[in-house]
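Contents: one structure, followed by commentary.
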Amino acid sequence: MNTTQSTTIATAAPPGLEPRLLAERREDLAAYRRLGGYRPLTDAGELLGEVESSGLVGRGGAAFPLAVKLRAVRDNGRIAGGTVVVANGEEGEPASIKDRWLLRNRPHLVLDGLRLAAAIVGAHRVYVYVSDPESAHSVETALGELEPDAFGGVDVRMSTVQPGYVAGEETAAVRAINGGPAKPTDKPPRPFEAGVDERPTLVSNVETLANLPYLQCHGSAAFRALGTSLSPGTFLATITGAGRPPVLYELPHGLPFTELLALHAVSPDQVRGALMGGYFAGLLNRSVLETTLDHETMRRLGSGLGCGAISVITDECPVAVAASVLAYFDRENAGQCGSCFNGTAAMAAAAGALRDGAATAEDVERLRRWSVLLRGRGACATLDAATNVAASLLDQFPDEVGAHLGGTCPDCAHGAFRAGRPYEAEAVRQA
Ligand SMILES: Cc1cc2nc3c(=O)[nH]c(=O)nc-3n(C[C@H](O)[C@H](O)[C@H](O)COP(=O)(O)O)c2cc1C
Ligand code: SF4
């Protein structure tokens with residue numbers, strides 16, 4: 001394994017994988033140019049074609065095809081007379097550190113991707129949207145190194161907000177840039193229809209954008225040389241849990257989960273399951289050992305890769321993990337929608353009571369009902385994340401749930417796992 005240590009977190013890639021996104025140290029403009037960065041773009045339409053053939057899907061959580069969004073914004077912009085691009089680096093997900101790592105260490109890669117996206121959609125203005133001060137400083141330094149016309153006359157701005165789980169949701173980003181609170185709004189309109197200043201707006205995760213320079217230099221066939229046909233390319237995976245410090249990996253989509261465990265030096269025998277997609281996609285039991293890390297496999301299991309954050313559960317009780325995550329959603333939801341505000345509170349209370357051996361079978365039945373009925377409610381998908389956690393706990397860990405109905409399980413009896421932000425990738429947050 002090729003392991004390097006940035007200022008704050010270990011990074012690694014599987015043997016033989018030439019990283020496309022990770023780098024050994026923070027790069028300045030000269031180093032990035034030596035790699036072929038900021039290559040002049042002669043035909044934006046041709047690059048859009050390459051994005052389409054590459055099958056690149058978003059790395060912010062929803063795995064939506066980038067080319068579809070680029071086309072929609074570009075086409076809507078022809079009518080509206082101008083478009084905006086937002087590089088979303090807010091990364092509200094506590095178990096993820098990839099976006100901050102990219103912004104802190106490869107700001108020019110992200111800016112180059114932003115430049116290319118802006119050219120494709122014909123943007124007149126672009127934003128780098130962050131909450132992490134070190135990321136903001138890194139991007140400002142990188143912008144200071146660039147020549148004034150590096151973006152071809154496009155207005156480049158920073159937008160900095162207070163961190164929060166919902167602050168990176170796309171309508172929250174647009175609302176914050178428009179001068180409001182960083183809280184989601186009802187959809188429609190979606191940002192690609194009317195976003196910043198009511199202009200068609202592309203909101204793309206910074207890792208998604210960071211793949212564009214590779215596509216410009218090497219083309220879609222090279223891009224597809226790694227990954228699966230439906231999840232092409234590599235992705236950044238923040239791995240927490242298993243009693244080990246977090247590591248940021250660049251992995252090819254489709255990698256068997258057991259190979260990730262081997263890289264991370266965790267024995268499969270220790271593994272009880274995993275919390276997938278940061279806090280978003282719920283829990284998997286030991287069946288996670290049979291999976292490969294791609295969107296199609298995870299979708300088949302009713303789970304997801306999300307933003308690529310995976311927390312490996314070893315010693316913690318899954319009931320206690322779910323209770324902590326639900327309590328986090330209860331605290332961190334934006335308090336705008338009754339179903340979310342009340343629903344996360346009710347699910348957190350039920351899961352907390354279950355963890356503490358105080359829940360009845362009726363409480364568990366109610367938790368099951370809420371996990372179905374509350375899905376799809378609320379202005380953003382935070383409530384879906386909470387229902388994913390509740391439903392997957394009941395579905396994947398019936399024995400542990402049963403053990404808690406008879407009191408607490410042996411693990412919790414020794415002191416339940418009560419992390420306020422379970423599996424937080426602290427090393428970077430505290431940097
Ligand atoms: C509650 C919530 C929080 C989100 N937080 C982030 C975030 O921090 N960063 C991000 O890139 N996307 C986040 N998203 C997804 C964005 O809404 C949006 O889909 C994404 O930025 C689009 O980029 P992509 O297509 O490149 O993935 C969040 C979504 C939800 C529902
Ligand atoms: S669904 Fe929840 S987190 Fe999302 S906007 Fe409504 S209250 Fe806020």
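Residues: numbered from 1 along the sequence shown. Every number for a ligand or one of its atoms is a count from 1 in the order of the listing.
Each of the atoms 3 (S) of ligand 2 lies under 4.0 Å from some heavy atom of Val166. Counting the atoms of ligand 1 from 1 in the order shown, those under 4.0 Å from a heavy atom of Thr208 are 24 (P), 26 (O). Those atoms of ligand 1 with a heavy atom of Thr382 less than 4.0 angstrom away are 1 (C). Near Ala379, meaning under 4.0 Å from one of its heavy atoms, ligand 2 places the atoms 1 (S), 5 (S), 6 (Fe). Taking every heavy atom of Glu90 and a limit of under 4.0 angstrom, the matching atoms of ligand 1 come to 8 (O). Close approach to Arg59 involves these atoms of ligand 1, each under 4.0 Å from a residue heavy atom: 26 (O), 27 (O). The contact set between ligand 1 and Gly58, taken as ligand atoms under 4.0 Å from a residue heavy atom, comprises 24 (P), 25 (O), 26 (O), 27 (O). Distances below 4.0 Å separate heavy atoms of Lys69 from the following atoms of ligand 1: 22 (C), 23 (O), 24 (P), 25 (O).
With distances taken over non-hydrogen atoms, the option nearest atom 3 (S) of ligand 2 out of Pro184, Ala334, Gly164, Gly378 is Ala334. Nearest to atom 8 (O) of ligand 1 by heavy-atom distance, out of Gly92, Ser131, Gly164, Ser96, is Gly92. Evaluated by nearest non-hydrogen atom to atom 17 (O) of ligand 1, the leading choice among Glu170, Glu93, Lys98 is Glu170. Counting only non-hydrogen atoms, the option in Glu169, Glu332, Arg190 that gets closest to atom 2 (C) of ligand 1 is Glu169.
Distance from atom 3 (C) of ligand 1 to its nearest protein heavy atom, with residue and atom name: Tyr165 O, 3.4 Å. For atom 27 (O) of ligand 1, the nearest protein heavy atom (residue, atom name, distance) is Gly60 N, 2.7 Å. From the protein, the heavy atom lying nearest to atom 2 (Fe) of ligand 2 is Cys340 SG, 2.3 Å. For atom 5 (S) of ligand 2, the closest non-hydrogen atom on the protein side is Gln336 NE2, 3.3 Å. For atom 14 (N) of ligand 1, the closest heavy atom belonging to the protein is Gly168 O, 3.6 Å. Atom 11 (O) of ligand 1 has Asn205 ND2, 2.8 Å as its closest protein atom, hydrogens excluded (heavy atom only).
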**Item:** Working for salt bridge (Lys or Arg N to Asp or Glu O under 4.0 Å), residues Glu365 and Arg368
**Value:** CA-CA 5 Å; Glu365 201 35 54; Arg368 189 184 306 282; 3.6 Å; yes

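Minimum interatomic distance between Ala334 and Val166 (heavy atoms only, all atoms of both residues): CB-CG2, 3.9 Å.
Judged purely by atom type and a 3.5 angstrom limit, Arg244 has no side-chain atom pairing as donor or acceptor with the backbone of Ile239.
In Leu383, neither the side chain nor the backbone holds a heavy atom less than 4.0 Å from any atom of ligand 2.
Ring-plane geometry between Tyr279 and Tyr165 is classed as parallel, the angle between the planes falling under 30 degrees on a 0 to 90 degree scale with a further cut at 60. Note on ring orientation: taking the six-membered ring where Trp is involved, the planes of Tyr32 and Tyr38 are perpendicular (angle over 60°, cut-offs 30° and 60°).
A salt bridge links Glu170 to Arg190: at least one charged side-chain nitrogen sits closer than 4.0 Å to a carboxylate oxygen. With respect to Arg33 and Glu145, no salt bridge is recorded, no charged nitrogen being found less than 4.0 Å from a carboxylate O.
When side chains are defined from C-beta on, Pro14 does not count as touching Glu259, because their heavy atoms never get closer than 4.5 Å. When side chains are defined from C-beta on, Arg106 counts as touching Trp101, because their heavy atoms get closer than 4.5 Å. Contact annotation: the side chain of Leu383 never approaches that of Cys337 to less than 4.5 Å [non-hydrogen atoms, C-beta and beyond].
Here Cys380 meets the criterion, with an N, O or S atom under 2.8 Å of atom 4 (Fe) of ligand 2.
For the side chain to side chain donor-acceptor pair (under 3.5 Å) with Asp99, the lone residue among Asn205, Asn88, Thr238 that qualifies is Asn205.
Residue Val166 places no N or O, backbone or side chain, under 3.5 Å from any N or O of ligand 1. For the pair Asn88 and ligand 1, the shortest N or O to N or O distance falls below 3.5 Å.
In this structure, the ring of His253 has its center less than 6.0 angstrom from the ring center of Phe235.
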